[in-house]
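See below for the structure under consideration.
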Amino acid sequence: MKPYVLCVVLSIATSILAYIPSLYETNAQRLARGLPPLPPKFVRSPTATTVAKRQVSAVPLIFRGKLEVRSPPDNLVQGCVRNWETVGTISGTNFGGACLEVSMTVDISGQGPADIVSTNALFPDPFYVGAGSTVTQNNPILLPSLKNAVAFTNVERTYPESAPAVSPRNIFVESAIWSINPSTGKLSAQWVNPDGGKPSTQLAYNIRSNSLFFVGNITLWNENNNTPASLVDVYLVPL
Ligand SMILES: *[C@@H]1O[C@H](CO)[C@@H](O)[C@H](O)[C@H]1NC(C)=O
């Protein structure tokens, strides 16, 4: 840039700046003109607790991928959670077919209760991956002393910590049941009983019927069913 051009530019800039100070007048000047003082520029420095809270809510973790079903103790991969157009939607593994793809937003600890939502569902609404009764009108209870099961299925969105909610399909559902280990992607579920109780909620897999469901006591479930199921883990893994 030539020196005289620079001079012109600078003088224009200076003349623009000459107008600006009126926008930045002091409170004394404002008061002299009958205006209220400006609000303080700096807010009180926040406490450690409010900083921690803000970080948790402001910087959520977002996980995307498929849901891999693995059997302990060796983490043998059974497949991914399936994506069927028809009844039985996600309540089993894929057996070579399409995997359900999901997204989960959770605070930085991975601790829920959080939702997992399907992002490539072949089935119609609802799209949340959750737990629900299979039988209309049956409000399910899980307890270590009961043989009961609750289906692993697609459900409507429910409030965190809420007891089973009646869906428009007239079954009882919960979506916000998930937590994740951010370093391994291992998911854990927490069903809430109708009385607000939080029973041990284990994911079970019956390979013969290719069905996934939650139980409160796998031993009791197996004693009351013809084909055995075993406990499995589910991991949210990148595609
Ligand atoms: C499951 O039920 C069996 C049989 O009643 C019992 O022995 C076992 O302790 C129960 N498991 C849990 C985790 O409570």
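Note that the numbering runs from 1 along the sequence shown for the chain.
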Original post:
Between Arg169 (side chain) and Val155 (backbone), is there a donor-acceptor pair under 3.5 Å?
Top reply: no
Subject >> Pro199 side chain reached by Asn193 side chain, heavy atoms, under 4.5 Å >> reply: yes
Original post:
Does Asn217 use its side chain to pair, donor to acceptor, with the backbone of Thr219 at less than 3.5 Å?
Top reply: yes
Subject >> Any donor-acceptor N or O pair under 3.5 Å, side chains Glu101, Thr119 >> reply: no
Original post:
Do Asp107 side-chain atoms and Ser109 backbone N/O form a donor-acceptor pair below 3.5 Å?
Top reply: yes
Original post:
CD of Glu68 to OG1 of Thr93: how many Å apart, nearest 0.5 Å?
Top reply: 11.0 Å
Original post:
Do Lys186 and Val234 have side-chain heavy atoms sitting under 4.5 Å apart?
Top reply: no
Subject >> Residues that Ser91 engages under side chain to side chain donor-acceptor pair (under 3.5 Å), provided they are two or more places apart >> reply: none
Subject >> Shortest non-hydrogen contact from Ala176 toward Pro113 >> reply: O-CB, 3.1 Å
**OP:** Quick one: pull up CZ in Phe63 and CE in Met104 and give me the separation to the nearest 0.5 Å.
**Re:** 7.5 Å
Subject >> Pairs satisfying ring pair (Phe, Tyr, Trp, His ring centres under 6.0 Å), at least one member in residues 215-239, at least two apart >> reply: Phe213-Trp221
Original post:
Applying the 4.5 Å side-chain criterion to the ILVMFWY set and letting contacts propagate, would Val232 and Leu220 be lumped into a single cluster?
Top reply: no
Original post:
Using 30° and 60° as the class limits, which term best fits the ring planes of Phe214 and Trp178: parallel, tilted or perpendicular?
Top reply: tilted
**OP:** Could you grab the distance from atom CG of Asp115 to atom OG1 of Thr158, nearest 0.5 Å is fine?
**Re:** 6.5 Å
Subject >> Heavy-atom side-chain proximity of Thr136 to Asn138 below 4.5 angstrom >> reply: no
**OP:** Answer whether the closest heavy-atom distance between the side chains of Val81 and Val69 falls below 4.5 Å.
**Re:** yes
Original post:
Just checking, is any N or O donor in the side chain of Asn154 or Thr89 under 3.5 Å from an acceptor N or O on the other one?
Top reply: yes
**OP:** Could you tell me whether Asn226 atom CG has more than 12 heavy atoms of other residues or ligands within 6.0 Å of it?
**Re:** no
Subject >> Leu143: hydrophobic cluster co-members (side-chain, 4.5 Å) >> reply: Ile141, Leu146
Original post:
How long is the gap from CD on Glu156 to CD on Glu174, to the nearest 0.5 Å?
Top reply: 12.5 Å
Original post:
Would Ile180 and Val117 show up in the same hydrophobic cluster when neighbours are defined by side-chain heavy atoms closer than 4.5 Å?
Top reply: yes
Subject >> Any donor-acceptor N/O pair, Asn83 side chain to Leu100 backbone, under 3.5 Å >> reply: no
Original post:
Of all heavy-atom pairs between Pro140 and Ser133, which one has the smallest distance, and what is that distance?
Top reply: CG-CB, 3.6 Å
**OP:** Report yes or no: do Ile177 and Phe127 belong to one cluster of Ile/Leu/Val/Met/Phe/Trp/Tyr joined by side chain heavy-atom distances under 4.5 Å?
**Re:** yes
Subject >> Interatomic distance, Arg70 atom CZ to Asn75 atom CG [nearest 0.5 angstrom] >> reply: 5.5 Å
Subject >> Within residues 73-120 or reaching into it, pairs that qualify as ring pair (Phe, Tyr, Trp, His ring centres under 6.0 Å) - sequence neighbours excluded >> reply: none
Original post:
Sequence neighbours excluded, which residues qualify as side chain to side chain donor-acceptor pair (under 3.5 Å) partners of Asn222?
Top reply: none
Original post:
Do the side chains of Val102 and Arg64 get nearer than 4.5 Å, heavy atoms only?
Top reply: no
Original post:
Is any side-chain heavy atom of Thr105 closer than 4.5 Å to a side-chain heavy atom of Pro60?
Top reply: yes
Original post:
Gly65 and Leu236: which non-hydrogen atoms are nearest, and at how many Å?
Top reply: N-CD2, 3.6 Å
**OP:** May I ask you to test the Asp233-Pro72 pair for a side-chain heavy-atom distance under 4.5 Å?
**Re:** yes
**OP:** Is it possible for you to say whether Val150 and Leu67 belong to one hydrophobic cluster, with membership spreading through side-chain heavy-atom contacts below 4.5 Å?
**Re:** yes
Original post:
What distance do Tyr205 atom OH and Leu203 atom CG have between them, rounded to the nearest 0.5 Å?
Top reply: 10.5 Å
Original post:
Below 4.5 Å, heavy atoms only, C-beta onward: do Val129 and Ile90 meet side chain to side chain?
Top reply: yes
Original post:
Got a sec, which residues hit side chain to side chain donor-acceptor pair (under 3.5 Å) with Glu85, two or more places apart in sequence or on another chain?
Top reply: none
